[in-house]
2 protein chains.
Amino acid sequence: MKMEKETTIYDIAKQLNISPATVSRALNDHPAINIDTKKVIISKAKELGYRTNIFASNLRRKKTNTIGVIVPRLNSYFMSTVLAGMEKVANEASYNLIIAQSLESVKKEMANVKTMFNSHVDGLLVSLSYDTENLDHFEPLIKKGVPILFFDRVLTHKKCTSIVIDNLKAGYEATNHLIAQGCKHIMHITGNLQRNVYQDRLKGYRLALAESGLHYCEELVRTTDFSYQSVNEMVQYLTSLKPVPDAIFITNDFYAAHCIVALKQAGFSIPEDIAIVGFNDDPIAMVVEPNLTTVRYHGQEMGEVAAKSLINHLNEQSSIKDTNAIILHSELVVRASSLKGKST
Amino acid sequence: MKMEKETTIYDIAKQLNISPATVSRALNDHPAINIDTKKVIISKAKELGYRTNIFASNLRRKKTNTIGVIVPRLNSYFMSTVLAGMEKVANEASYNLIIAQSLESVKKEMANVKTMFNSHVDGLLVSLSYDTENLDHFEPLIKKGVPILFFDRVLTHKKCTSIVIDNLKAGYEATNHLIAQGCKHIMHITGNLQRNVYQDRLKGYRLALAESGLHYCEELVRTTDFSYQSVNEMVQYLTSLKPVPDAIFITNDFYAAHCIVALKQAGFSIPEDIAIVGFNDDPIAMVVEPNLTTVRYHGQEMGEVAAKSLINHLNEQSSIKDTNAIILHSELVVRASSLKGKST
DNA sequence: ACAACAAATGCAACCGATTGCATAAATATT
DNA sequence: AATATTTATGCAATCGGTTGCATTTGTTGT
C-alpha cells in the first residue's frame with residue numbers, strides 16, 4: 001500500500017512562493033484575496049490533490065460541522081425515513097451526521113450521549129428510548145451550550161425544542177372515526193405511557209370517548225412493546241373480553257397488521273366484526289388485507305424539519321432557543337380496515 | 001446561554017502543578033505513569049468536566065475513529081437493518097459512523113465519496129447505487145490507503161473486499177423450488193442487471209431452468225426499479241402473456257407483496273394460478289396473504305460482519321487486504337405463496 | 001509629487017493533545 | 001558509597017489551518 005503523503009497548505013504555499021495564510025484565505029474564498037491569486041492557488045491545490053485537514057480546522061475554529069442523532073432503533077420504517085430526511089438536509093448544508101441507536105434502553109442512551117459529548121457534536125437530535133424517565137444525562141451537553149432538539153418521542157425541557165405531531169388530536173380523530181363507524185367498544189393498544197406520543201394519543205382516545213358519551217374502560221386499554229411475539233397473547237386477551245371489542249385503535253401499523261392477520265385466523269372479519277385503525281402509515285398498511293386505516297405523518301418531513309431547525313440555529317440564521325415546540329401535520333388515512341357498511 | 005469554558009489538559013496540569021504531558025499520558029493510561037498520579041489526575045479531570053478534544057487528538061495521531069457508510073437508501077428494511085448491525089459493532093469498538101445515502105444515483109454517490117474523503121474517514125463501507133458503473137470515484141481514497149469494503153451491491157476491485165451472499169445459489173434455489181412445485185412458465189422480475197445481486201440471481205434462475213430442461217425465454221425476464229407505481233403496469237404485462245406465467249420469482253419482497261395484491265385483484269389465486277417467491281424476508285412477507293416465500297439473508301449480520309472486518313483491519317488485528325470476498329449465508333424460507341397442492 | 005487611503009499579502013500566535021528524547025528521582029547492584 | 005537500572009516526569013516540537021494585526025503595494029485625489 002503506497003500511501004501518498006497528504007499535501008498541506010504549506011506545500012502549496014511553498015510551491016507558489018506565497019504564505020500559508022494567503023493559501024488558507026484563498027481556499028476559503030476570503031474577499032481580501034486577489035481573484036487571480038485565488039485561481040492559481042485553487043488550481044495548484046487541485047493538482048496536488050489537496051484536501052483540508054478538518055481536524056486542524058475544527059481545532060482552530062471550535063466547530064465540528066457534525067450533528068449527532070440518537071434514535072431508539074435504526075431499522076423501523078418510520079425512523080429510517082426520518083433519518084433519510086435528516087441526512088438529506090444535513091448533507092446539503094455540508095454537515096455530517098453521527099448516528100447512534102439506544103435500542104430502547106436508557107442505559108445505552110446515556111452511553112450514546114457521552115459518545116456524542118466526546119465527539120463534540122455541534123448539536124444533537126434525539127428521539128427518546130422506551131424507558132427514559134428524565135433528561136438528566138443531557139445536562140452536560142446543555143451546560144456546554146450544545147443545542148438539543150427532541151423529535152417524536154420527547155420530554156420537555158426549558159432549554160430544548162421539541163418536534164412532534166399533535167398526538168392528542170391524532171388519537172382523537174382516529175377514535176372519533178371509529179365512533180362514527182358505529183363502534184361502541186373501542187379498544188386501544190399502545191406503548192409505554194410514559195412516552196408523550198402514547199400518552200397523548202390515549203388522551204385523545206379518552207376525549208373522543210367522553211365527547212360521545214362512551215364509557216372509558218380500563219380493560220380496553222393495553223400497553224405492549226409491539227413485539228411480534230406478543231401479538232397472539234394480545235389477540236387471545238381481547239377476544240376473550242365480553243363483549244369482544246368492535247374496534248381497536250393500535251398505535252403501530254406493524255402490530256396492527258399482525259393483529260389483523262391473527263384476528264382473521266381466529267375467525268373474525270375485519271372490519272365487520274372488528275374495525276382497526278393503526279398509526280404511522282407504514283408501507284405494510286397497503287399490503288395487509290383489508291388495507292389498514294392509519295394516521296399518516298411524514299417521517300421524511302419530520303427529519304428534514306428537525307435537521308433544518310438545528311442547522312439554522314447553529315448558523316445563527318434563526319434561533320430555536322425560545323421555540324418550545326414545533327408541531328407537524330398529521331392526518332387520518334381511511335382505508336378498508338375500519339369501514340363498516342352503511343349501518344352499524 | 002452560559003457556556004462553560006472547555007477544560008484542557010493544561011488546566012488540569014496547572015491545578016495539579018504537573019506537566020501537560022503527564023496528564024495526557026495518565027488519561028491514556030500510559031504504563032510509565034505512577035498509578036497514584038493517575039488517580040489524582042483522573043479524579044481532577046472528572047471534577048473539571050474534562051473531555052478530550054478529539055480534533056487536537058486526531059490532528060496529532062492522524063486517525064479519526066470514524067467510519068463512513070454510503071448506502072443507496074436509508075429507509076428500506078434491509079438497509080436499516082444492516083446499518084443497525086454496523087452501528088452496534090462500531091459503537092462497541094468506539095468508532096463513529098458517518099452515514100450518507102446516494103439515493104440510487106452515481107452523481108450523489110460521488111459527492112458522498114468526496115465528503116467522506118474530506119472527513120478523513122478511517123475506512124469506508126459502501127453499497128453501490130443503482131446506476132454506478134465503475135469504481136473510479138473511489139480511487140482517491142484507495143490511493144490514500146483508506147480501506148474500502150463493499151457489501152451487498154458490489155463491484156470487484158483488486159484492492160477491496162466484498163461482502164455478499166451467494167446470489168447465484170439463492171436464485172437457483174428459489175427457481176428450483178418453483179420448478180419442484182410443478183411450475184413450467186416461471187417469470188423473473190428483478191432490478192438493474194448491472195448490479196451483481198440481480199445479475200447473479202438471474203444466472204441462478206437460468207441455471208435452474210437449464211438443469212430442468214426448461215426453456216429460457218426473454219419475455220419472462222423483466223427489470224424494474226421496484227417502485228410502487230410500476231406494479232400495475234407489470235401485472236398488466238405479465239397477465240397478458242400467453243400463456244400466463246404459473247410462477248414469478250421477484251427479487252424484492254415489497255414489490256412481490258404488491259404484485260400479489262394486484263394479481264389477486266385481477267382475479268388470480270396465489271399460489272394456485274401463480275406461485276410467488278420474493279427476496280429478503282422483509283417483515284411484509286409475514287403479513288401479505290398468502291405469506292410470502294422468500295430468500296432470507298440477515299441484514300444485521302451483514303452489517304456486523306462488514307463493520308467488524310473493517311475495524312479489525314484498521315486495528316491491524318487482521319488484514320482484509322487479501323480477502324477478496326466474504327460470502328454470507330442465505331436460505332429459502334418456504335411459505336404459502338409458493339406451495340401448490342399435491343399435484344400440478 | 002505627496003499625502004491619504006484601499007487592496008493584497010505576510011507574520012506569528014494559537015487551537016489542544018501527543019510523543020521522542022532528556023532528565024530527575026528512586027531503587028537495585030556490586 | 002558509587003554506579004547501574006528502573007521508574008516517573010518534564011521539555012519542546014509537532015500536527016495543519018485560522019486569524020488579528022502589521023506591512024507592502026497600488027490607487028486616488030489635489
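A note on names: the letters A, B, ... follow the listed sequences, proteins ahead of strands, and every chain is numbered from 1. Predicted, not measured: the structure shown is a model, and the values here were computed from it.
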Using whole Å, report how far [atom1] of [X] lies from [atom2] of [N].
X       : N      : atom1 : atom2 : value
B:Phe55 : D:dT18 : CZ    : C1'   : 15 Å
A:Asp36 : C:dT9  : CG    : C1'   : 14 Å
B:Ile54 : D:dG16 : CD1   : P     : 18 Å
A:Asn53 : C:dA17 : CG    : C1'   : 14 Å
B:Asn65 : C:dA17 : CG    : C1'   : 15 Å
B:Leu59 : D:dG17 : CG    : P     : 9 Å
A:Lys63 : D:dT18 : NZ    : P     : 13 Å
B:Ile33 : C:dA25 : CD1   : C1'   : 14 Å

Output the residues of residues 15-29 of chain A in contact with DNA chain D, where contact means a heavy atom of the residue under 4.0 Å from an atom of the strand; sort by number or write none.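 Correct list: A:Ala21, A:Ser24, A:Arg25, A:Asn28.
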Side-chain heavy atoms of B:Leu314 within contact of B:Pro147, under 4.5 Å: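 Sidechains of B:Pro147 and B:Leu314: in contact.
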Are the side chains of B:Ile41 and B:Leu27 in touch, meaning some heavy atoms are under 4.5 Å apart?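 Result yes, sub-4.5 Å side-chain heavy-atom pair found.
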What salt bridge (charged side-chain N to carboxylate O under 4.0 Å, His left out) pairs are there with at least one residue in [range], not counting sequence neighbours?
range                       : result
residues 21-38 of chain A   : A:Asp29-A:Lys38
residues 93-115 of chain A  : A:Glu104-A:Arg153, A:Lys108-B:Glu87
residues 299-310 of chain B : B:Lys88-B:Glu304

Answer yes or no: is there an ion pair linking B:Lys62 with A:Glu6, defined by an N-O contact shorter than 4.0 Å?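 Result for this pair is no, no salt bridge flagged.
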Pair A:Val164-A:Ile327, side chain to side chain contact (heavy atoms under 4.5 Å, CB included): steps then yes or no: CA-CA 5 Å; A:Val164 287; A:Ile327 313 255; 4.1 Å; yes
Could you check whether the side chain of B:Arg60 and the base of D:dT14 have a donor-acceptor pair of N or O atoms closer than 3.5 Å, going by distance alone?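 Check passes, donor-acceptor contact within cut-off.
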Measuring centre to centre across the rings, with the benzene-like ring taken for any Trp, is A:Phe117 within less than 6.0 Å of A:Phe138?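 A:Phe117 vs A:Phe138: aromatic centres not under 6.0 Å.
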Who are the salt bridge (Lys or Arg N to Asp or Glu O under 4.0 Å) partners of B:Arg73, not counting sequence neighbours?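 Partners of B:Arg73 under the salt bridge (Lys or Arg N to Asp or Glu O under 4.0 Å) test: none.
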Taking only side-chain nitrogens and oxygens of [X], does any of them come within less than 4.0 Å of OP1 or OP2 of [N]?
X       : N      : result
A:Tyr10 : D:dT18 : no
B:Thr52 : C:dG16 : no
A:Lys62 : C:dG16 : yes

Could you pick out which residue, A:Ala56 or B:Lys38, lies toward the 5' side of DNA chain D when each is mapped onto its nearest nucleotide?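 Its nearest nucleotide being more 5', the pick is B:Lys38.
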Measure from the side-chain heavy atoms of B:Asn34 and tell me the nearest of C:dA17, D:dA8, D:dG16.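 For the B:Asn34 side chain, the nearest candidate turns out to be D:dA8.
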Terminal helix-axis angle for the helix from C:dA1-D:dT30 to C:dT30-D:dA1, with five pairs defining each axis and rounding to 10 degrees: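 Rounded value for the end-axis angle: 40°.
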